[in-house]
Amino acid sequence: AGTIHACDIASGGIVWCWGLNGSEGRIGSNQLGPEVMSAAPMKLQGDVRFAQIWSNPPIRIATFNVNGLTSRLDNLIAWLKETQPHIVCLQELKAQQERFPRLELAKAGYDSVWAGQKSWNGVAILSSIGAPTLIRAALPGDPSDVHARYIEAAIAGLVVASIYLPNGNPQPGPKFDYKLAWFARLRRHAANLLKSKAPVILAGDFNVVPTEQDIYQTTSYDDNALIQ
């Protein structure tokens, strides 16, 4: 019923956050600026992985592929109450823009920005430490791309993005080509964010397995787009 990922590796002033499979990592960078100095190791609570960035006070950030927000709203609100993250990035809302449960989440203590899409995709950012200010609701670089896979907002001195990167299967083929092009656009945009010197969190479901430690031993995924 959805997948929760955690922040893992920092690169310059950007913290990249993606899904891990049973491994423990560390996030942080001494280049994030005076408000965001370093980060704690990932902590595991059941199936929930989250990371805590040491600011003053500390900020806890989580990323959650909810896989259908409408049907899992009660579970999401219960999880928010139990774990109390300050910032949450959601993916796979699978809900139209007007169906996003803004009022219900506000009652739970979270302001939100979102980019919805019927049946597929959809991303959102929730915050309990101040209303997110929307920066953009699409990844730059391809005006013809209408998939709701990227949203970016300013929260408490941070630039935060929620990302749902394309799966890319089957590969080879147009879906894998789209994934590679999307990755290239993300890298270009991340480079521009890095130049801004702002502390940035890029969090979400990257649909990628970057190293062998990020997946169980298997040969069934050898041709899968996630590990190419």
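Count residues from 1 along the sequence.
Between Trp182 and Asp142 the shortest side-chain heavy-atom distance does not fall below 4.5 Å. You'll find the side chain of Ile61 reaches within 4.5 Å of the side chain of Ile201, heavy atoms only. In this structure the side chain of Lys175 never reaches within 4.5 angstrom of the side chain of Asn169, judged on heavy atoms. For the pair Asn167 and Leu226, the minimum side-chain heavy-atom distance is below 4.5 Å. Using a 4.5 Å heavy-atom cutoff, the side chains of Asn75 and Val66 are not in contact. In this structure the side chain of Trp79 reaches within 4.5 angstrom of the side chain of Phe64, judged on heavy atoms. Using a 4.5 Å heavy-atom cutoff, the side chains of Thr83 and Arg60 are in contact. In this structure the side chain of Ile125 never reaches within 4.5 angstrom of the side chain of Trp114, judged on heavy atoms.
Nearest heavy atom pair, residue Arg185 against residue Leu139, reads NH2-O, 2.8 Å. The shortest heavy-atom contact between Ala203 and Cys89 is CB-SG, 3.9 Å. Looking at every heavy atom in both residues, Phe100 comes nearest to Ser112 through CE2-OG, 3.3 Å. Nearest heavy atom pair, residue Val200 against residue Leu202, reads CG1-CD2, 3.9 Å. Nearest heavy atoms, Ala115 versus Ala148: O-CB, 3.5 Å. Residues Tyr221 and Ile227 come closest through the heavy atom pair O-CD1, 2.6 Å.
With rounding to the nearest 0.5 Å, the separation of CZ in Arg99 from CD in Gln117 is 15.0 Å. Annotation: the span from Glu152 atom CD to Arg136 atom CZ amounts to 5.0 Å, rounded to 0.5 Å. Distance check: Ile163 CD1 to Leu186 CG gives 5.0 Å after rounding to the nearest 0.5 Å. The distance from atom CD1 of Ile135 to atom CD1 of Ile155, rounded to the nearest 0.5 Å, is 9.0 Å. Leu105 contributes atom CG, which lies 12.0 Å from atom OG of Ser128 (distance to the nearest 0.5 angstrom). Distance check, rounded to the nearest 0.5 Å: CH2 of Trp120 to NE2 of His147 gives 10.5 Å.
Side-chain atoms of Glu92 and Asn65 form a donor-acceptor pair, as typed in the model, at a separation below 3.5 Å. Between Lys94 and Asn67, the side chains place a donor N or O and an acceptor N or O closer than 3.5 Å (distance only, hydrogens not considered).
Other residues, nucleotides and ligands place more than 12 heavy atoms under 6.0 Å from the CG atom of Asp177. The local environment of CG in Asp222 is crowded, with over 12 non-hydrogen atoms from other residues, nucleotides or ligands closer than 6.0 Å.
Of the possible donor and acceptor atoms, none in the side chain of Gln171 sits under 3.5 Å from a partner among the backbone N and O of Phe176. In terms of modelled atom types and a separation under 3.5 Å, the side chain of Gln228 and the main chain of Asn224 share a donor-acceptor contact.
The pair Arg102-Asp111 fails the salt-bridge criterion, with no side-chain N (NZ, NE, NH1 or NH2) lying under 4.0 Å from an Asp/Glu carboxylate O.
Put simply, the residue from Thr63, Ile87, Val123, Leu93 that forms a side-chain contact (heavy atoms from CB on, under 4.5 Å) with Ser162 is Val123.
Residues Leu165 and Leu180 do not share a hydrophobic cluster, defined by chaining ILVMFWY side chains whose heavy atoms lie under 4.5 Å apart.
If you look at Tyr150 and His189, their ring centroids are closer than 6.0 Å.
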